[in-house]
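These numbers come from a predicted model, not from an experiment.
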Amino acid sequence: MTDEDVPSRWTAAMVYDDMWVDPADDPRESERPPVGERETLVQYLRAYRLTLGMKCDGLTADQLALRSVPPSTLSLLGLVRHLAEVERSWTRRVMRGEDAPRLWGAPGQDADFDGAVGDPEVVERALAAWQIEMEATDALVAETEDLGTMSASTTAEPIALREVLVHLIEEYARHCGHADLLRERIDGRVGQ
């Protein structure tokens with residue numbers, strides 16, 4: 001990458017220069033702080049999901065598939081595919097005990113990222129799968145009264161729903177950091 005290829009840093013925010021958007025336009029902002037464990041976990045997960053979506057907004061299929069730096073396979077599209085698979089695994093396989101096949105390929109094959117190519121149909125499928133898996137997780141949380149409810153999987157170690165939510169938050173938090181850097185590399189846009 002030459003100096004001419006490096007995008008200038010910029011933000012859409014006018015109030016704080018380290019924000020993605022102004023607080024009044026930020027869908028992650030809630031009207032009140034969360035009350036209790038459930039609201040706290042759900043609100044944090046929601047905010048990280050929205051952050052990843054915001055980092056992907058307005059990009060072409062080629063931009064979403066742009067890799068970070070060789071030899072890494074990391075891309076925004078790969079993150080969307082990966083997080084769809086992560087939600088699917090925790091919600092369907094672990095918590096519900098379903099026999100849910102992998103979305104993108106065999107475990108350990110890096111299929112979430114390798115198959116993340118700049119094709120609009122691949123992007124559409126990834127975003128749709130991510131939405132479906134988020135909705136499945138949200139449904140599980142809504143229908144489960146006790147966050148201490150244990151997983152139904154017979155092939156994994158038992159785990160409580162609250163721990164699964166913490167795992168999802170941790171996974172999104174890590175990858176939203178990657179998304180920050182990926183988006184800045186694509187078009188220079190910065191902000192949390």
Provide the closest heavy-atom pair for [X] versus [Y] in the form atom of the first, atom of the second, distance.
X: Asp114; Y: Arg67; answer: O-NH2, 3.5 Å
X: Ala61; Y: Pro120; answer: CB-N, 3.8 Å
X: Pro7; Y: Arg185; answer: CG-O, 3.4 Å
X: Gly148; Y: Ala160; answer: O-CB, 3.8 Å

Checklist entry - Which of these passes salt bridge (charged side-chain N to carboxylate O under 4.0 Å, His left out) with Arg88: Glu98, Glu135, Glu133? => result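 Only one of Glu98, Glu135, Glu133 forms a salt bridge (charged side-chain N to carboxylate O under 4.0 Å, His left out) with Arg88, namely Glu133.
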Next on the checklist: salt bridge (Lys or Arg N to Asp or Glu O under 4.0 Å), that's the test. Do Arg32 and Glu39 meet it? Break it down for me.
Outcome noted: CA-CA 11 Å; Arg32 63 174 180 74; Glu39 279 189 28; 2.9 Å; yes
Item to check | Within residues 22-52 or reaching into it, pairs that qualify as ring-ring contact (aromatic ring centres under 6.0 Å, His included) - sequence neighbours excluded | outcome: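 As it turns out, there is no ring-ring contact (aromatic ring centres under 6.0 Å, His included) pair with a partner in residues 22-52 once direct neighbours are skipped.
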Item to check | Euclidean distance, Met95 CE relative to Leu140 CG, rounded to 0.5 Å | outcome: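 One finds 5.5 Å between CG of Leu140 and CE of Met95.
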Next on the checklist: Side chains of Gln192 and Tyr16 only: does a donor on one sit below 3.5 Å from an acceptor on the other?
Outcome noted: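 On atom types as modelled, these side chains do not qualify, holding no pair under 3.5 Å.
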Next on the checklist: Going by side chain to side chain contact (heavy atoms under 4.5 Å, CB included), name the residues that satisfy it together with Ser153, two or more places apart in sequence or in a different chain.
Outcome noted: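 If we apply the side chain to side chain contact (heavy atoms under 4.5 Å, CB included) test to Ser153, skipping adjacent residues, the hits are Thr155, Ala156.
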Item to check | Qualifying residues under side chain to side chain contact (heavy atoms under 4.5 Å, CB included), relative to Glu170, sequence neighbours excluded | outcome: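 Checked Glu170 against side chain to side chain contact (heavy atoms under 4.5 Å, CB included); matches are Arg174.
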Donor-acceptor contacts, no H, no angles, side chain residues 69-83, under 3.5 Å, sequence neighbours left out:
{"residue": "Ser72", "atom": "OG", "partner": "Ser68", "partner atom": "OG", "Å": "3.2"}
{"residue": "Ser72", "atom": "OG", "partner": "Leu74", "partner atom": "N", "Å": "3.0"}
{"residue": "Thr73", "atom": "OG1", "partner": "Asp110", "partner atom": "OD2", "Å": "2.8"}
{"residue": "Ser75", "atom": "OG", "partner": "Gly78", "partner atom": "N", "Å": "2.9"}
{"residue": "Arg81", "atom": "NE", "partner": "Asp112", "partner atom": "O", "Å": "2.7"}
{"residue": "Arg81", "atom": "NH2", "partner": "Ala111", "partner atom": "O", "Å": "2.9"}
{"residue": "His82", "atom": "ND1", "partner": "Asp112", "partner atom": "OD2", "Å": "3.0"}
{"residue": "His82", "atom": "NE2", "partner": "Glu171", "partner atom": "OE2", "Å": "2.7"}
{"residue": "His82", "atom": "NE2", "partner": "His175", "partner atom": "NE2", "Å": "3.4"}

Next on the checklist: Does this structure show an ion pair linking Arg93 with Glu85, if we count only N-O contacts that are shorter than 4.0 Å?
Outcome noted: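 Yes, Arg93 and Glu85 are salt-bridged.
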Next on the checklist: I want to check something: taking the side chain as every heavy atom from C-beta on, are Ile159 and Trp90 in contact at a cut-off of under 4.5 Å?
Outcome noted: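 They are in contact (side-chain heavy atoms under 4.5 Å apart), so the answer is yes.
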Next on the checklist: Could you check whether atom CZ of Arg9 has more than 12 heavy atoms from other residues, nucleotides or ligands sitting under 6.0 Å from it?
Outcome noted: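 No, the 6.0 Å shell around CZ holds no more than 12 heavy atoms from other groups.
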Item to check | Summary of salt bridge (charged side-chain N to carboxylate O under 4.0 Å, His left out) pairs that have at least one residue in residues 140-151, sequence neighbours excluded | outcome: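 Passing the test, one end in residues 140-151: Arg96-Glu143.
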Checklist entry - Taking only residues two or more places apart in sequence, or in another chain, which ones meet Trp130 in a ring-ring contact (aromatic ring centres under 6.0 Å, His included)? => result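 Scan of Trp130 (ring-ring contact (aromatic ring centres under 6.0 Å, His included), adjacent residues dropped) gives none.
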